[in-house]
Amino acid sequence: MKKEFHIENIGDLKIAARELLENTNDQTIWAFYGEMGAGKTTFIKEICQALQVKEQVASPTFNLINEYEAANGKLIYHFDFYRLNELEEAMNIGTLEYFESGELCLLEWPEKVEPILPEKIRNIYIRIIDKDQRKIKITDNE
């Protein structure tokens with residue numbers, strides 16, 4: 001998938017989340033790139049809401065990973081590598097096993113773990129236009 005979304009409000013984000021989920025192309029590793037405050041966590045919340053996650057979705061900044069369950073019983077792993085100091089920390093929590101699980105893995109700050117990212121991945125780039133607007137660019141590596 002190669003797609004761009006121009007986000008003007010939260011409603012646009014909901015539409016983008018649903019469209020991505022309708023066109024997964026069997027991608028289970030989704031890497032969210034963007035500066036601090038770009039809306040990575042907000043977009044992940046919308047994706048989880050579209051999957052009817054019942055748990056509260058929050059950035060796992062201190063845990064590195066949160067686990068949620070979608071309405072269909074599938075698991076979702078939400079990673080936040082922002083505070084990661086060494087790649088070994090990601091290895092110690094079993095990141096590769098999560099990636100190989102076949103479950104949806106949503107990664108914030110994936111640049112911190114690029115050496116271990118699989119080749120098949122969905123890259124989601126979020127760029128701030130202004131206070132409310134964002135440009136989201138999606139590219140799938142197959």
Sequence neighbours excluded, which residues qualify as salt bridge (charged side-chain N to carboxylate O under 4.0 Å, His left out) partners of E55?
none
Excluding Y98, membership of its hydrophobic cluster (Ile, Leu, Val, Met, Phe, Trp, Tyr; side-chain heavy atoms within less than 4.5 Å) reads I29, Y33, M36, L64, I65, L75, Y77, F79, F81, Y82, L84, L87, M91, I93, L96, F99, L107, W109, V113, I116, L117, I121, Y125
Enumerate the side chain to side chain donor-acceptor pair (under 3.5 Å) contacts for residues 6-18, please, sequence neighbours excluded, ordered by first and then second residue.
H6-Q133, K14-E46, K14-Q49
So, the side chain of D80 versus the backbone of P60: is there a donor-acceptor pair under 3.5 Å, distance only?
no
State which residues pass side chain to side chain contact (heavy atoms under 4.5 Å, CB included) with E35; sequence neighbours excluded, sorted by chain then number.
A38, I128
Under the side chain to side chain donor-acceptor pair (under 3.5 Å) rule, collect the residues that match up with D26, sequence neighbours excluded.
none
CA sep, side-chain torsions, deciding dist, call: I138, R122, side chain to side chain contact (heavy atoms under 4.5 Å, CB included):
CA-CA 7 Å; I138 315 297; R122 172 165 282 177; 3.9 Å; yes
For V57 and I47: C-alpha separation, side-chain torsions, deciding distance, then whether side chain to side chain contact (heavy atoms under 4.5 Å, CB included) applies.
CA-CA 10 Å; V57 176; I47 290 166; over 6 Å; no
Pairs flagged by side chain to side chain donor-acceptor pair (under 3.5 Å) wherever residues 85-96 is involved - sequence neighbours left out:
none
What pairs with K137 under salt bridge (charged side-chain N to carboxylate O under 4.0 Å, His left out), at least two apart in sequence or on another chain?
none
Minimum heavy-atom distance A70-V53, with the two atoms named
CA-CG2, 4.2 Å
With sequence neighbours excluded, residues passing salt bridge (charged side-chain N to carboxylate O under 4.0 Å, His left out) with K120
none
Taking side chain to side chain donor-acceptor pair (under 3.5 Å) as the test, write out the residues that go with T42, two or more places apart.
none
Sequence-distant partners of N23, side chain to side chain donor-acceptor pair (under 3.5 Å), two or more places apart
none
Given E108 and T41, is the side chain to side chain donor-acceptor pair (under 3.5 Å) satisfied, shown in steps?
CA-CA 8 Å; E108 295 188 52; T41 303; 2.8 Å; yes
Those residues that, when tested against F5, pass ring-ring contact (aromatic ring centres under 6.0 Å, His included) (two or more places apart):
none
Using the side chain to side chain donor-acceptor pair (under 3.5 Å) rule, collect all pairs that involve residues 62-74, keeping only residues at least two apart or in two chains.
N63-N66, N66-Y68, Y68-H78
